[in-house]
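Both ligands and their constituent atoms are indexed starting at 1 by order of listing. From a predicted model like this one, the values you see are computed outputs, not experimental measurements.
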Amino acid sequence: MKSKVTFILICFVCLAAAGCSGSGQYKWEVHDMNRPVPDIVTAGKEAGSAPSNAIILFDGRDISKWELKKNGKAAKWKVENGYMEVAKKAGDIRTKQKFGDCQLHIEWAAPIKVKDKSQGRGNSGVFLMGLYEVQVLDSFNNRTYADGQAGALYGQSPPLYNVCRGPGKWQSYDIIFRRPRFAKNGSITKAGRVTVLHNGIIIQDSVELLGPTEHKKRAKYKQHADKLPIILQDHGNKVRYRNIWLIELSEEQGQ
Ligand code: MG
C-alpha cells in the first residue's frame, strides 16, 4: 500500500514538474493578445530614404552630427550638392552620438576620375563602433585582395559578390550590426555580427567578426564600451557620402 502511494506521489511530482517547465519556458503564449504589438513606423517614400524612426546622420547639407576623430573639432569634409566628400588631409570623421546594435543606411561614390589601383583607388570605410570596418573601395575593374574589396569586413570576410558600380556612381550599403558581448572579466561571450546589402544585394550574411579591424594581422577581441561612434575613413581619396541614417536595434532581440 505504502509503495503504491509513493509511486502515485512520484508520478504527480513528475507531471507537475513537466507542466511547469512547459508553460514557464516562454514569456508569451502562442498568439497571445497581451503581447505588446510593434510600434508603427512609416517607411521612406523611395527605396533607401529614411523611415520615420531613423536618426538622420547626414541629410546632404548638415554635417553637424559629425566631428573630427582626432580631436573632436568640427568635421572639415567638403559639403556640396547634397553630399559630403573627404577633404585633403582632413582626417577621419566620427558621429557625435554613440551607437551599438543598429541598422545603418549609407550611400557612397568613389571618385569619377580613376587614379591609382588596388587599395589606392576610391578607398574609404565605414567603421562600426569605430572599430569594425566595412570596406569602401572602387572595386569596379580593380583587382585587390578579396578581404579588402568593396563590402569586405576588412581583413576578415570578402563580400559574397562584387556588385560595385563604376567610378562616380552612387551606391548603397544597408548594414545590420550586432555588437560583440563581453563578460565582466573582459572575455568575449558573443562575437559581433554583420549583415551587409550592397546596392540591395546581400554580400555579408550575418558574418561573425573575429575582432576589431586590423591591417596585415589577425583580429582579436578586446573589451570595449557598449556604444561607440561610427567612423568614416579618410584614406586620401575623395570619396563622397550622402543619405546616411540609422535605426538603433533592440538589444533584447539581438540576444
Ligand atoms: Mg578602407
Vertex the Mg ion (ligand 1): angle to O of Ser124 and OD1 of Asn123, to 10°?
80°

Regarding Tyr154, does it place an N, O or S atom less than 2.8 Å from the Mg ion (ligand 1)?
no

Taking atom types as modelled, find out whether Glu107 and Asn243 have a side-chain donor-acceptor pair closer than 3.5 angstrom.
yes

What residue among Asp59, Leu57, Val126 forms side-chain contact (heavy atoms from CB on, under 4.5 Å) with Ile244?
Leu57

Can you tell whether the side chains of Glu67 and Arg94 come within less than 4.0 Å, N to carboxylate O?
yes

Side chains of Glu208 and Gln156: any donor to acceptor distance under 3.5 Å?
no

So, 2.8 Å as the limit: is an N/O/S atom of Gln119 located closer than that to the Mg ion (ligand 1)?
no

The angle formed at the Mg ion (ligand 1) by OE1 of Gln135 and OE1 of Gln233 is about (to 10 degrees) 150°

Compute whether any side-chain donor of one residue and acceptor of the other, for Tyr83 and Arg242, lie under 3.5 angstrom apart.
no

Report the name of the N/O/S atom of Glu133 located nearest to the Mg ion (ligand 1).
OE2

